[in-house]
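Heads up, the thing below is written out as structure tokens.
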Amino acid sequence: DITTIMKLIKELWHYREMIISLVKRDLKGRYKGSVMGFLWTMINPLLQLAVYTFVFSVIMPSGVERFYLFLFVALVPWLFFSTCLSTGTTVIFAQQEMVKKIYFPRQILPISFTISQFVNMLLSFVVIFIVLIFSGIKFNFKALACLPIIMLVQFILCLGITFVVSALTVYLRDLEYILSIISMAWMYLTPILYPIENVPEAYRGICYINPMTSIIVAYRDILYSSKVPEMGTLVIAVFMGILLLAIGLVSFEHLQRHFAEEL
């Protein structure tokens, strides 16, 4: 209910320094000792882009104009989502000693993890804009004004996913491996390597049940097609994001009660 939500928000605000500290630690620790450091955040999507572009432009031509751009503007947001889906399973385990010994709102762990992954995505978007500029894409500033909305909606969606998978994995350890496989299959069921128009019209409605479909379509409208996303796409994206966050919060609240015993 609203009282519980307000109480949680107030408590999370009280522990905001802890969230910031965990985000900083995650970002610094990820590439500690690495010569390239944060550059790996940008190199990873670029390497994947190179492979997919070669396969679908040379070996199996997709017929999509400037396929590297078509793919890149969808691949970076997808990597954010897939990391939350598969790696989000380890969030509670990574801090299990803290969970067992110290009191703090357990929601802080998935929140800080999702924020750090979101920061990684934002860094990768720097590369996207550099590529777009050098490709001669004309920016539509009305469309670009919608970009923060889509990013926020995706953050909400990914946070909901992280809440669910991080809590469930405490009880179902095999979920970590199952979700890695599901993530791979999910990518091909999302219009990343192909336009949504390629999906037969009879199945297109089903395709939009996938919460990432409307988000990827919106990113592509803004950055590749330089047009304002359709209102229907935005509404679906917002609805899916809020729905998954609500499911995530409720399930996490219910499952967190026995984290200490299960760990």
Side-chain angles (χ1 to χ4, degrees), residues 22-23 25-27 29-32 34 38 40-56 71-96 99 106-107 109-124 154-194 206-207 209-216 219 240-241 243-245 247-249 251-252 255-256 259 262-263:
L22 286 170
V23 170
R25 190 177 75 177
D26 183 59
L27 291 171
R30 181 170 301 152
Y31 304 109
K32 190 176 181 180
S34 164
F38 274 111
W40 283 114
T41 303
M42 302 174 187
I43 291 168
N44 182 35
L46 283 172
L47 288 174
Q48 291 200 43
L49 173 67
V51 172
Y52 285 125
T53 301
F54 176 73
V55 171
F56 291 99
L71 175 60
F72 200 31
V73 299
L75 186 61
V76 168
W78 172 259
L79 289 174
F80 172 37
F81 174 79
S82 65
T83 302
C84 290
L85 179 66
S86 53
T87 314
T89 54
T90 63
V91 166
I92 306 299
F93 284 111
Q95 308 294 342
Q96 59 180 298
V99 170
R106 305 304 189 234
Q107 289 86 351
L109 297 178
I111 289 171
S112 59
F113 173 82
T114 309
I115 291 173
S116 71
Q117 299 307 317
F118 184 65
V119 171
N120 276 335
M121 185 184 79
L122 293 179
L123 290 170
S124 296
Q154 189 186 3
F155 175 81
I156 290 169
L157 171 71
C158 290
L159 181 57
I161 288 285
T162 307
F163 272 129
V164 173
V165 300
S166 62
L168 283 175
T169 310
V170 175
Y171 299 88
L172 304 166
R173 307 293 171 93
D174 288 344
L175 199 59
E176 181 182 348
Y177 308 104
I178 294 167
L179 286 173
S180 294
I181 298 166
I182 288 174
S183 177
M184 225 177 351
W186 200 326
M187 178 177 175
Y188 290 100
L189 293 171
T190 306
I192 295 167
L193 300 170
Y194 53 87
I206 298 170
C207 196
I209 294 172
N210 172 359
M212 278 303 291
T213 295
S214 51
I215 287 173
I216 293 298
Y219 273 121
M240 288 290 191
L243 177 65
L244 272 167
L245 179 60
I247 291 169
L249 279 169
S251 58
F252 191 92
L255 293 169
Q256 68 153 334
F259 278 176
E262 290 295 325
L263 293 169

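- Of the possible polar contacts, one joining the Tyr194 side chain to the Tyr188 backbone as a donor-acceptor pair under 3.5 Å is found.
- Residues passing the side-chain contact (heavy atoms from CB on, under 4.5 Å) test with Leu249 are Leu8, Phe163, Leu245, sequence neighbours excluded.
- Here the CD-OG distance, from Gln107 to Ser166, works out to 9.5 Å after rounding to the nearest 0.5 Å.
- Ser116 contributes a side-chain N or O that, together with a main-chain N or O of Phe113, makes up a donor-acceptor pair within less than 3.5 Å.
- Residues Thr213 and Pro191 share a closest heavy-atom pair of OG1-CD, 3.7 Å.
- For Phe80, the ring-ring contact (aromatic ring centres under 6.0 Å, His included) criterion is met by Phe118, not counting sequence neighbours.
- Looking at residues two or more places apart in sequence or on another chain, you find no side-chain hydrogen bond (donor to acceptor under 3.5 Å, both in side chains) involving Ser82.
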Please assess Val170 against Leu255 for the test side chain to side chain contact (heavy atoms under 4.5 Å, CB included), listing each intermediate value before the final yes or no. CA-CA 9 Å; Val170 175; Leu255 293 169; over 6 Å; no
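- The side-chain hydrogen bond (donor to acceptor under 3.5 Å, both in side chains) check on Thr89 picks up nothing, with sequence neighbours excluded.
- Exactly one of Thr83, Leu122, Leu27 qualifies for a side-chain contact (heavy atoms from CB on, under 4.5 Å) with Gln117. That residue is Thr83.
- The CD atom of Gln256 sits 10.0 Å away from atom CG of Leu109, with the distance rounded to the nearest 0.5 Å.
- Inter-residue side-chain proximity for Ile115 and Phe155 is flagged as met; some heavy-atom pair is nearer than 4.5 Å.
- Contacts of Val164 classified as side-chain contact (heavy atoms from CB on, under 4.5 Å), with partners at least two apart in sequence or in another chain: Leu168, Ile247, Ser251.
- Taking the side chain as every heavy atom from C-beta outward, Arg173 and Phe93 approach each other to under 4.5 Å.
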Check against side chain to side chain contact (heavy atoms under 4.5 Å, CB included), Val23 and Ile111: CA-CA 9 Å; Val23 170; Ile111 289 171; over 6 Å; no
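- Two residues are said to be in side-chain contact when any heavy atoms from C-beta on lie closer than 4.5 Å; Met240 and Ile215 fail this criterion.
- Listed here is the closest heavy atom pair of Phe252 and Arg106: CZ-O, 3.5 Å.
- You'll find the side chain of Thr114 stays beyond 4.5 Å of the side chain of Val91, heavy atoms only.
- Tested against Met212, the residues Leu189, Leu85, Leu157 include a single side-chain contact (heavy atoms from CB on, under 4.5 Å) partner, Leu157.
- Judged by distance alone, with hydrogens and angles left aside, the side-chain atoms of Gln154 form a donor-acceptor pair with the main-chain N or O of Pro77 at under 3.5 Å.
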With a cut-off of 3.5 Å and sequence neighbours excluded, list every side-chain donor-acceptor pair involving residues 174-186.
{"unit_1": "Ser180", "atom_1": "OG", "unit_2": "Glu176", "atom_2": "O", "d": "3.1"}
{"unit_1": "Trp186", "atom_1": "NE1", "unit_2": "Asn210", "atom_2": "OD1", "d": "2.8"}

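- When side chains are defined from C-beta on, Pro211 counts as touching Leu244, because their heavy atoms get closer than 4.5 Å.
- Between the side chain of Ser124 and the backbone N or O of Val76 there is no donor-acceptor pair closer than 3.5 Å.
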